[in-house]
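Everything numeric in this text was worked out from a predicted model, so none of it was measured.
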Amino acid sequence: GAGTSFATPPSLTGGATTINVPGAFTLGALSVSGLNVTTTGALNLGSGTVGAGGLVANSGGGNVSQTGALTIVGAADITSAAGSILLGNALNDFQSTVTASSSAGPITFADANTFTPTSITSEPTAKPRRIPPFHCWLCDAQHQDYAESPYANPYPVKTYGLAESL
């Protein structure tokens with residue numbers, strides 16, 4: 001479907017915010033107490049801060065991504081029904097629990113501090129397996145763990161591939 005179009009991605013400032021968008025959507029700078037955003041296409045969460053009200057992000061038809069660092073003070077619940085969850089900016093700060101689910105692609109998170117996943121699930125066709133928290137630098141879609149990242153990245157990036165759940 002067609003996305004919602006803005007000349008520049010909209011920035012949000014203020015209290016708890018709810019957005020429902022048909023198609024793809026990209027947010028700009030965030031400074032809100034809470035954010036609940038649902039799209040039927042790809043969802044780019046932009047950059048900035050979501051307060052103690054937490055983040056609920058649901059992309060019904062594409063990847064969930066970001067343009068810059070995100071600080072999420074409250075709980076984060078992120079779902080992608082038809083794509084990946086790609087939140088690998090090394091300056092992200094998820095300060096509470098994180099729940100993520102994808103039925104179609106890998107899930108990637110990075111956190112500058114302590115990352116607290118409560119449930120990370122990706123479900124298509126590969127066999128399920130457990131990855132211990134904080135021990136996976138890079139896992140590809142075929143479930144091959146690499147002892148060292150092939151990239152020079154000093155940050156703890158965790159990538160959870162298909163059908164993997166904590």
Side-chain angles (χ1 to χ4, degrees), residues 1-51 53-72 74-94 96-111 115 117-129 131 136 138-143 157-166:
T4 300
S5 213
F6 291 87
T8 59
S11 295
L12 303 176
T13 302
T17 305
T18 299
I19 300 171
N20 293 295
V21 178
F25 191 63
T26 297
L27 288 163
L30 302 174
S31 181
V32 293
S33 65
L35 179 60
N36 185 327
V37 59
T38 301
T39 67
T40 59
L43 172 59
N44 186 312
L45 295 171
S47 64
T49 301
V50 177
L55 171 68
V56 176
N58 185 348
S59 168
N63 294 339
V64 176
S65 61
Q66 65 188 119
T67 56
L70 292 168
T71 297
I72 311 298
D77 184 352
I78 303 158
T79 303
S80 176
S84 301
I85 297 173
L86 306 169
L87 300 176
N89 185 303
L91 299 177
N92 287 343
D93 188 5
F94 293 93
S96 186
T97 58
V98 176
T99 300
S101 177
S102 171
S103 59
I107 295 172
T108 302
F109 284 94
D111 193 306
F115 182 66
T118 54
S119 175
I120 307 289
T121 306
S122 185
E123 305 187 13
T125 57
K127 65 180 182 181
R129 71 184 181 84
I131 296 175
C136 182
L138 177 68
C139 309
D140 68 15
Q142 286 78 40
H143 304 290
V157 175
K158 295 86 170 167
T159 300
Y160 300 90
L162 304 177
E164 296 170 356
S165 179
L166 288 177

> With a cut-off of 3.5 Å and sequence neighbours excluded, list every side-chain donor-acceptor pair involving residues 85-93.
unit_1, atom_1, unit_2, atom_2, d
N89, OD1, L91, N, 2.8
N92, OD1, Q66, NE2, 2.8
N92, OD1, L70, N, 2.9
N92, ND2, Q66, OE1, 3.1
N92, ND2, L87, O, 3.1
N92, ND2, N89, O, 3.3
D93, OD1, N113, ND2, 3.3
D93, OD2, Q95, NE2, 3.0
D93, OD2, N113, ND2, 3.3

> Measure the spacing between CG of L55 and CG of L45 and express it to the nearest 0.5 Å.
6.0 Å
> Nearest 0.5 angstrom please: S101 OG to I107 CD1, how far?
6.0 Å
> Taking side chain as C-beta onward, heavy atoms only, is L30 less than 4.5 Å from L35?
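Answer yes - side chains close enough.
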> Restricting to non-hydrogen atoms, name the atom on V64 and the atom on S80 that form the minimum distance, rounded to 0.1 Å.
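The pair with the smallest heavy-atom distance is CG2-CB, 4.1 Å.
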> Report the residues that fulfil side chain to side chain contact (heavy atoms under 4.5 Å, CB included) with T99, sequence neighbours left out, ordered by chain and then residue number.
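Counting only residues at least two positions away or on another chain, T99 forms a side chain to side chain contact (heavy atoms under 4.5 Å, CB included) with D77, T118, S119.
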> Under the side chain to side chain contact (heavy atoms under 4.5 Å, CB included) test, which residues partner A42, sequence neighbours left out?
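Scan of A42 (side chain to side chain contact (heavy atoms under 4.5 Å, CB included), adjacent residues dropped) gives A24.
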> List the residues meeting side chain to side chain contact (heavy atoms under 4.5 Å, CB included) with T67, not counting sequence neighbours, and say none if there are none.
N44, S47
> Please list, chain by chain and in numerical order, all residues satisfying side chain to side chain contact (heavy atoms under 4.5 Å, CB included) with N58, sequence neighbours excluded.
T38, T79
> Quick one, L27 and L12 - any side-chain contact, counting heavy atoms below 4.5 Å?
yes
> Can you label the angle between the F94 ring and the F115 ring as parallel, tilted or perpendicular, going by 30° and 60°?
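Rings of F94 and F115: perpendicular, as their planes differ by over 60°.
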> I need the S96 OG to I72 CD1 distance, nearest 0.5 Å.
10.5 Å
